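See below for the structure under consideration.
Just so we're clear, the structure is a prediction, and the values are computed from it rather than from any experiment.
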Amino acid sequence: MSAPSRYDADPARLRELVAELPGVERIAAAAGETSAYLVGGAVRDLLLGRERTDLDVVVEGDAAALAADLGGEMVAHDRFATARVTLDGVEFDLATARAESYPRPGALPEVRPASLAEDLARRDFSINAMAIPIDSEPELIDPHGGRDDLEAGLLRVLHEQSFADDPTRALRAARYAARFGLRLEPETEALARRADLSTVSEDRVEAELMRLASEPRARQGFELLAAWGLVERPGEDGSLIETVSGLLDEPPWAGTVDRALAIHAAATGHAPGAAGRVHDLLGGARELAAAEPGRPSEAVRLARGRGGVELLLARALGAEWADRYMAEWRHARLEITGDDLIEAGVPEGPAVGRGLDEALGRKLDGEIAGREEELRVALDAAGA
């Protein structure tokens with residue numbers, strides 16, 4: 001079967017596409033007389049011809065009851081009338097059609113059951129406010145012009161209070177714009193620039209930033225946020241993100257750190273959360289990049305106590321010695337242990353560590369080899 005055309009909303013084509021989605025027939029059968037709809041990002045990606053590993057379904061009825069009837073693994077969230085079901089390896093997010101109200105800017109919404117039209121109207125952007133029935137003849141339900149915005153390459157918010165109600169939507173705007181190559185509709189961009197992230201918890205902000213950091217086009221998203229004044233740029237241009245990403249694709253850095261954490265740090269200069277802001281990762285990385293260790297032992301001492309993300313940033317900033325540290329020097333081990341020194345008469349305490357450090361440094365620098373030489377150097381350094 002050929003790939004679907006972008007933005008194709010022909011009913012026959014929609015019927016074909018929806019029928020191919022795994023698990024949809026089971027949902028339609030379990031729904032019975034209850035109206036069920038494919039919604040949001042699932043519809044958007046269907047029109048774009050993009051594959052998904054999860055699907056969003058709204059029912060004008062009891063989503064939790066439908067989830068229970070489906071079987072499979074289920075996790076229900078009563079506050080928001082939602083449930084997540086895993087069927088044959090596919091995740092379905094089932095939700096009762098609902099309307100939302102926000103008691104104050106940035107607060108979590110209060111929800112009540114509602115119609116599909118109200119449910120679509122509460123969503124963030126027009127491209128995420130479309131639906132397709134899965135319990136009847138498929139048709140594109142698009143009251144806010146999402147398909148036209150997709151075709152025009154626009155990201156448009158549904159109402160002017162959207163970013164005030166939930167300022168994290170401005171962070172999502174940057175993520176969607178980067179992922180799909182969209183430009184913000186002018187009024188939407190003006191509203192995004194005025195978003196007040198201080199009205200939401202830091203955890204919610206950081207969760208969105210981590211989602212952005214996980215995107216293939218994270219650089220573009222973070223550059224948008226910096227341009228809007230929502231994220232501070234830590235004195236580096238976006239090329240640092242690209243450099244970090246490239247390093248993580250090759251030895252010796254591949255698989256050493258979490259990619260999203262590394263991209264987040266490259267974009268913001270710190271790790272996520274309040275604790276992460278205490279430590280200036282980028283500042284520490286600059287110090288490492290400015291250092292010029294003349295011996296392997298000096299490099300190991302510089303790197304000691306530094307996390308993988310900080311070392312990766314240092315390498316991205318020019319610390320080429322960090323490659324050999326990651327590939328070789330950090331794996332160096334002595335044949336002797338502290339017990340050997342204690343058995344030779346060194347009292348427990350700092351002297352043991354001092355002796356082992358000296359022996360390891362000399363071994364790294366190629367000055368000694370073998371257990372006997374290690375023990376001799378360690379005992380001399382320990383003052384034994």
Can you name the one residue among Arg175, Arg172, Arg169 that meets salt bridge (Lys or Arg N to Asp or Glu O under 4.0 Å) with Asp124?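 By the salt bridge (Lys or Arg N to Asp or Glu O under 4.0 Å) criterion, Asp124 pairs with just one of Arg175, Arg172, Arg169: Arg172.
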Assess whether a salt bridge exists between Asp357 and Arg362, defined as any Lys/Arg side-chain N lying under 4.0 Å from an Asp/Glu carboxylate O. no
Verify whether one side chain among [X] and [Y] offers a donor that lies under 3.5 Å from an acceptor in the other.
X: Asp166; Y: Thr168; value: yes
X: Glu242; Y: Ser245; value: no
X: Glu60; Y: Tyr37; value: yes

Using modelled atom types only, decide if a donor and an acceptor are shared between the side chain of [X] and the backbone of [Y] within a distance under 3.5 Å.
X: Arg217; Y: Ala178; result: yes
X: Thr96; Y: Ala63; result: yes
X: Lys363; Y: Ala369; result: no

In terms of ring plane angle, is the pair Tyr176 and Phe180 parallel, tilted or perpendicular, where the classes change at 30° and 60°?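 Rings of Tyr176 and Phe180: parallel, under 30°.
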Show, in sequence, the C-alpha distance, side-chain angles and deciding distance for Phe92 and Asp56, and conclude whether the side chain to side chain contact (heavy atoms under 4.5 Å, CB included) test is met. CA-CA 6 Å; Phe92 290 88; Asp56 299 314; over 6 Å; no
Test side chain to side chain contact (heavy atoms under 4.5 Å, CB included) applied to Phe125 and Arg156, step by step: CA-CA 5 Å; Phe125 306 103; Arg156 181 167 52 85; over 6 Å; no
Is any side-chain heavy atom of Thr34 closer than 4.5 Å to a side-chain heavy atom of Leu66? no
Would you say [X] and [Y] are hydrophobically clustered, going by side-chain heavy atoms of ILVMFWY under 4.5 Å?
X: Val244; Y: Val257; result: yes
X: Val377; Y: Leu341; result: no
X: Leu14; Y: Val39; result: no

Distance, nearest 0.5 Å, that separates CE of Met210 from CD of Glu215: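 Result: 12.5 Å between the selected atoms.
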Can Leu150 and Arg44 be said to form a side chain to side chain contact (heavy atoms under 4.5 Å, CB included), step by step? CA-CA 8 Å; Leu150 271 182; Arg44 177 200 67 217; 4.2 Å; yes
